Every structure is written in C-alpha cells, then in structure tokens.
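Below, chains carry the letters A, B, ... as their sequence lines are ordered, and counting in each starts from 1. Since this is a predicted model, take the numbers as computed values, not measurements.
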There are 2 protein chains.
Amino acid sequence: MSTNGRPREFKDEAVIDAAMEVFWEKGYEASSTQELCERTGLGKGSLYNAFGSKHELFEQVLRRYSQIGLDRSIEILGRPIPVKERLRALFIWAIDMDFADPNHRGCLAVNVSMERAGRDPMVERTFGEYLQTLEEHIIAAIEDGIQSGEISHKHSAFQLAQLFLSSYYGLRVLNSATLNRDRALQIVESTLDVMF
Amino acid sequence: MSTNGRPREFKDEAVIDAAMEVFWEKGYEASSTQELCERTGLGKGSLYNAFGSKHELFEQVLRRYSQIGLDRSIEILGRPIPVKERLRALFIWAIDMDFADPNHRGCLAVNVSMERAGRDPMVERTFGEYLQTLEEHIIAAIEDGIQSGEISHKHSAFQLAQLFLSSYYGLRVLNSATLNRDRALQIVESTLDVMF
DNA sequence: TAAATATTTGACTGAGTGGTACACAAACCC
DNA sequence: GGGTTTGTGTACCACTCAGTCAAATATTTA
C-alpha cells in the first residue's frame with residue numbers, strides 16, 4: 001500500500017485499558033483529557049491522533065468493557081453445572097466486581113448508561129446490544145434447564161430470563177448505595193429461591 | 001431577632017424544582033452553574049447566597065426528589081387493594097416516569113447514584129436512606145398480604161421485598177437502554193407472576 | 001428620613017476544558 | 001543520502017468552569 005512512517009510507541013489495547021480505569025473511576029464527564037493523557041502515558045497529540053476525540057476513545061473503552069464482560073458471562077453460562085448454579089455464579093461474579101474495588105466503582109457500563117441516559121446514542125446502542133446478546137444466552141441456558149427437567153416449565157425461559165436480568169442489574173444499583181456484600185448475597189439467594 | 005433586609009424575590013422550593021429539571025436532564029457533572037442560573041431565573045450571586053454551592057443545591061434537589069418519590073410510593077403501598085396490585089401500581093408508576101419524558105431521562109436518584117457511585121458520600125447516604133425507608137414499607141405491605149392469606153408464606157416478606165426492590169431498580173436500568181414500554185410491562189408481569 | 005440588614009446584579013477571577021497547530025523525530029523506500 | 005509518511009511533544013486556542021465580590025437596591029425599624 002503506502003510506505004510506513006514512524007511506528008507507534010504504544011499498543012492501542014493498553015491505552016484503552018488505562019483509559020478504562022479513568023472512565024470507570026470518574027465517569028465520562030468528570031474524566032479530563034489531561035488525566036486521560038497522564039494515565040495512558042500518551043501526549044495529547046498522540047492520543048488525539050490515534051483516537052480522534054474523548055468521546056471516540058470512550059466508545060472504544062465501552063466496547064472493550066462490554067466485550068470482556070460478555071465473554072466472561074458466556075463462559076459462565078456454558079459451564080457443565082446445573083443452570084441454577086450458573087446463574088448463581090453470574091450473580092456472584094458481578095458482586096465480586098462491585099466489591100472488588102475499595103471505592104466500589106460498580107459496573108462501568110451501568111454507571112455510564114445512567115450518567116448519559118437519553119443524551120448519548122452511542123452509549124444506548126452499545127449497552128443495548130450488549131444486553132440483547134446477554135439475554136439471548138441466558139434464555140438459552142434456562143431453556144436447557146427446562147428441557148433437561150432441572151427447571152419446572154411453570155414459567156417460560158423468556159419470563160425467567162427477564163426476571164433474572166432485572167434482578168441482576170437492580171442488585172448492582174442497590175450495591176452502589178448499600179455497600180454490603182452479605183446483603184447482596186442474600187438478595188441472590190432470595191432471587192434464585194423464588195425463581196426456582 | 002434581627003431586622004429584615006431586602007426580601008427574597010424567589011421561593012426556595014421553586015428554585016429547587018427548576019434546578020431539579022436541569023440535574024435530571026444533564027446529570028450532576030454536566031449541569032453548569034450558568035444553566036442552573038438561567039433555568040432558575042436567579043443570578044449567580046443570589047444562587048450562591050441562598051444555596052452555598054452547586055453541590056449543596058444538588059443535595060437539596062436530591063432530598064426533595066427522594067421525598068416526593070417516597071411520599072408517592074408510600075401512598076401507593078397503602079391503598080386498600082390487594083398487595084399484588086399495589087406492587088404492580090408501583091411498577092407502573094415507575095415505568096410511566098421512565099417513559100414520560102420524550103428523552104427518557106429515567107429516575108434522577110438512580111442516574112446520579114450511578115454517575116457518582118463511590119465518589120459522593122452525600123449521594124450514597126441520601127439514596128441509601130431512601131432505599132431503607134422504601135424497603136421497610138414494602139416489607140410491611142407484603143407482611144400484610146401474608147397475614148391476610150393473600151400471599152403464600154412459602155417465602156418470607158423480607159425475601160420477597162428484596163426480590164421486588166432489585167427487580168424494580170433493574171427494570172429502570174433496562175429501561176434506559178431498551179426504551180420499550182411494552183417490554184417493561186412484560187417484565188413487570190413476569191416478576192409478579194414468579195413472585196406470587 | 002436615616003440606619004441597619006439582606007438580596008440582587010453582573011463583571012470578574014484563576015483554573016481548567018476539549019481540541020488544534022506545528023515543529024520535530026523516527027521509521028520506510030528509493 | 002533524499003523524499004515521504006506517520007507519530008510525538010508542546011505551546012496554544014477560545015471557551016467554560018465553579019465561585020467571588022463590591023456596588024446597587026429593597027425592605028424594616030427607629
């Protein structure tokens with residue numbers, strides 16, 4: 001094609017990961033380009049040359065975050081254990097994430113979806129696509145459980161998946177305010193207990 | 001006490017309501033003092049004289065929002081109808097709020113709790129207190145239902161209340177991304193169906 | 001009317017914002 | 001080596017941010 005120029009001194013992936021930390025801690029608005037530069041190690045010129053704008057960098061961060069979360073969720077939902085245990089594992093993984101960081105920064109995707117609800121089509125689209133894919137996998141897992149007889153067919157897989165998803169995200173909202181791991185685990189048990 | 005000076009030309013309540021609209025649309029960070037002044041009709045001096053800082057004004061907004069929501073929730077939970085219908089009414093009221101505004105701004109308290117999760121003790125405290133009070137009233141309503149025989153005592157009121165609350169807030173997260181009223185109503189029916 | 005007090009106004013501050021311009025550096029191809 | 005291309009570092013841009021302040025104004029009490 002064309003001759004090469006000076007090679008980049010960084011890997012895009014590493015920069016996106018570093019930027020992710022900033023957006024995760026501060027949210028979108030409160031993350032300044034200056035801090036983004038400091039934490040990624042890039043100068044402004046490099047950062048803007050490579051990513052175009054704060055918002056485009058943010059888009060890549062959100063896509064990567066969603067992809068990682070989705071990969072992990074799908075892995076958990078595919079484990080060779082009872083479906084109820086897979087759903088419990090998904091809950092517990094989320095709780096571990098919520099309480100892993102000392103300043104309980106929660107879930108980046110949920111945080112920014114709420115922060116920018118109704119004003120950022122990119123965020124709505126990205127989070128919406130993520131949700132749809134996650135839902136499909138949850139429905140599939142529950143359907144497996146119904147077919148194998150593990151789960152009663154009193155409710156449809158679709159109904160149960162919806163209940164799971166709303167409870168799953170509600171839990172994370174509650175975690176941001178109540179900050180109590182044991183309480184979160186109680187909610188998980190209640191939810192699974194009522195669902196099955 | 002002391003002699004009066006020039007009287008205020010505004011009612012605090014009206015200013016807080018106007019500021020609420022701004023924070024609701026934009027979130028905390030993205031609401032500028034300038035827009036706050038324009039929409040409240042106050043000059044900067046008056047606003048700072050009366051409320052001290054953007055953050056203190058925000059605190060009053062959040063308190064007022066929570067109080068209004070709590071009053072309404074308690075009213076709904078006290079209606080002389082079956083408990084299941086009260087919980088359904090609470091769900092539907094929330095959905096109506098989420099979809100009332102054309103740019104679906106959602107729930108102010110949830111939005112800012114997520115936006116400022118882990119970085120704003122005032123928000124955590126205010127939302128936490130609100131949640132605790134709401135939970136108490138939901139538990140009381142469900143206990144009524146259990147005692148009257150409307151609800152089976154297969155699960156405790158505490159368990160069911162937790163499931164309701166997580167599903168309730170999860171629904172609002174999902175609403176911010178999927179933007180589909182019918183879908184939200186389906187989730188409500190699924191949740192109530194599985195719960196009872 | 002005059003003193004005392006509280007509120008309003010809007011210009012102003014210093015720091016910080018996202019983003020740009022451009023000189024310079026480092027690679028490739030001939 | 002030149003010529004081209006791309007990346008980097010930094011000074012700089014116009015603008016916005018939250019917050020301040022002194023002067024003007026409106027009220028009550030004396």
**Request:** Could you note down all residue pairs passing ring-ring contact (aromatic ring centres under 6.0 Å, His included) where residues 59-86 of chain B supplies at least one of them, sequence neighbours left out?
**Result:** B:Trp24-B:Tyr65
**Item:** Nucleic acid contacts - residues 10-29 of chain B versus DNA chain D, non-hydrogen atoms under 4.0 Å
**Value:** none
**Item:** Connected hydrophobic set around A:Ile139, excluding itself, where side chains approach under 4.5 Å
**Value:** A:Phe158
**Prompt:** Can you name the side chain to side chain donor-acceptor pair (under 3.5 Å) partners of B:Glu25, sequence neighbours left out?
**Reply:** B:Arg39
**Item:** Any residue meeting side chain to side chain donor-acceptor pair (under 3.5 Å) with A:Ser166, in chain and number order, not counting sequence neighbours
**Value:** B:Ser167
**Request:** Name all residues meeting the salt bridge (charged side-chain N to carboxylate O under 4.0 Å, His left out) criterion together with A:Glu75; count only those two or more places apart in sequence or in a different chain, and write none if there are none.
**Result:** A:Arg72, A:Arg79
**Request:** With the side chain of B:Ser53 defined as its heavy atoms from C-beta on, choose the nearest nucleotide among D:dG9, C:dG19, D:dG19.
**Result:** D:dG19
**Item:** B:Lys44: partners by side chain to side chain contact (heavy atoms under 4.5 Å, CB included), with sequence neighbours left out
**Value:** B:Thr33, B:Cys37
**Request:** Kindly indicate whether a cation-pi arrangement holds for B:Lys54 with B:Tyr28, taking the cut-offs as under 6.0 Å to the six-membered ring centre and within 45° of the axis.
**Result:** yes
**Message:** If I take atom CZ in residue B:Phe51 and atom C1' in nucleotide D:dA18, what distance separates them, rounded to the nearest angstrom?
**Reply:** 16 Å
**Request:** Give a yes/no answer on whether the side chain of A:Asn49 brings an N or O atom under 4.0 Å of OP1 or OP2 in D:dG7.
**Result:** yes
**Item:** Carboxylate-amine/guanidinium proximity below 4.0 Å for B:Glu115 and B:Lys26
**Value:** no
**Message:** What is the distance, to the nearest angstrom, from the CD atom on B:Glu9 to the P atom on D:dT27?
**Reply:** 8 Å
Output a table of nitrogen or oxygen pairs between the protein and nucleotides 20-24 of chain D separated by less than 3.5 Å.
none

**Request:** Could you list by number each residue of residues 31-43 of chain A showing a heavy-atom separation from DNA chain C of less than 4.0 Å, or answer none if no residue does?
**Result:** A:Ser31, A:Ser32, A:Thr33, A:Gln34
**Fill in**
Hits for side chain to side chain contact (heavy atoms under 4.5 Å, CB included) against B:Glu129, two or more places apart or cross-chain, chain-then-number order -> B:Arg63, B:Arg125
**Partner residues of B:Ala177 under the side chain to side chain contact (heavy atoms under 4.5 Å, CB included) criterion, sequence neighbours left out** = A:Phe127, A:Leu131
**Fill in**
Contacts of B:Ser73 meeting side chain to side chain contact (heavy atoms under 4.5 Å, CB included) (sequence neighbours excluded), chain-then-number -> B:Leu90, B:Trp93, B:Tyr130, B:Leu134
**Prompt:** Within this structure, what is the CG-to-P distance between A:Leu47 and C:dT20, rounded to whole angstrom?
**Reply:** 12 Å
**A:Leu57 CG - C:dG19 P separation (whole Å)** = 11 Å
